[in-house]
Amino acid sequence: MVEIADSARHILDEVPQGVIVVAAAKTRTPEEVRAAVEAGIVHVGHNYVQETQAMINQVRGVTWHMIGHMQRNKARAAVELFDMIETVDSLRLAQEIDKRCAFLGKTMPVLIEVNSGREPNKDGVWPEQADDLARQIAGLTCIRLQGLMTMGPFSEDAKDLRPCFRATRKAFERLARLGLPGAEMCYLSMGMSSSYRAAIDEGANIVRIGTRLFGPRMSGQ
Ligand SMILES: *Cc1c(COP(=O)(O)O)cnc(C)c1O
């Protein structure tokens, strides 16, 4: 727990002002996440709705980000739990979130997930498809489109990811210029433990960090 607190302080010191550090909490215990929060982390991301449900009452006072692939049948639970959904990649999912938010009288900030590496079987829209989806989403009443998110291909070498980050940033800037009513392009979520410095260089103002904060995960997750 001491190591987690030290890492959290180190990362928070290191990132430039205005960059939001989201602690990626998958596979971690509430105690581990609390250690990061006590050291200053105020944004927590999770990939799974059920695990978040189990953790949320034990980690207070933070902003919750959905960062995993979201099934539509989880939208109802997700809109109750999360303060931002970073992984919207279809109109149907956006419509479901919108409908569930309408029931709750809530407005949900969302990001569009971009498959910046154009990988088959990976979630997210291609960078040039973001405009069309943004136009459709921006019209929904209970959703506020606030930016883009990308993962990029798996690589230990951040250099490999720079072209993907750049493509996502270009799409982000293009969308900002469109000035769609109902959208305000303010967040670009890119970069993880091995790539957040490169991502910040390329314009990210949200980075999602797991391993460097909490230590290695068991393989396969
Ligand atoms: C796990 C995860 C992260 C953090 O990955 P690390 O390499 O452990 O920092 C970031 N974003 C998403 C979407 C994740 O699933």
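Positions are given from 1, in the same order as the sequence printed here. Whatever order the structure lists them in is the order used to number ligands and atoms, beginning at 1. Any value given below was found using the heavy atoms of this structure, including those in side chains, with hydrogens, waters and symmetry copies removed. Note that this is a predicted model, so its numbers are computed, not measured.
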Identify, by atom number and element, the atoms of ligand 1 in contact range of Lys26, meaning under 4.0 Å from any of its heavy atoms.
-> 1 (C), 2 (C), 3 (C), 14 (C), 15 (O)
Salt-bridge present (Glu96, Arg100; N to O < 4.0 Å) | yes
Hey, is Glu173 close enough to Arg169 for a salt bridge, meaning N to O under 4.0 Å?
-> yes
Of the backbone atoms (N, CA, C, O) and the side-chain heavy atoms from C-beta on, which set of Met151 has a member under 4.0 Å from an atom of ligand 1: side chain, backbone, both, or neither?
-> side chain
Which ligand 1 atoms does Ile209 reach within 4.0 Å, using its non-hydrogen atoms?
-> 9 (O)
Decide yes or no for Ile209 and Val22: does some side-chain heavy atom of the first lie under 4.5 Å from some side-chain heavy atom of the second?
-> no
Using side-chain hydrogen bond (donor to acceptor under 3.5 Å, both in side chains) as the criterion, list what pairs up with Arg72, not counting sequence neighbours.
-> none
Can you sort out which atoms of ligand 1 are near Arg208, meaning under 4.0 Å from one of its heavy atoms?
-> 4 (C), 9 (O), 10 (C), 11 (N), 12 (C), 13 (C)
Using a 4.0 Å heavy-atom threshold (strictly under), name the region of Ala24 that reaches ligand 1: side chain, backbone, both or neither.
-> side chain
Atoms in ligand 1 with a heavy atom of Asn47 nearer than 4.0 Å = 14 (C), 15 (O)
Could a heavy atom of Arg217 be found less than 4.0 Å from some atom of ligand 1?
-> yes
Is the closest side-chain heavy-atom distance between Tyr196 and Arg212 below 4.5 Å?
-> yes
N/O separation below 3.5 Å, Ser193 to ligand 1 = yes
Ion pair check, Glu202 and Lys170, cut-off under 4.0 Å = no
Are Val114 and Leu145 joined in one hydrophobic group, where the rule is that I, L, V, M, F, W and Y side chains link up if heavy atoms are under 4.5 Å apart?
-> yes
So which bit of Thr211 gets within less than 4.0 Å of ligand 1, heavy atoms only: side chain, backbone, both or neither?
-> both
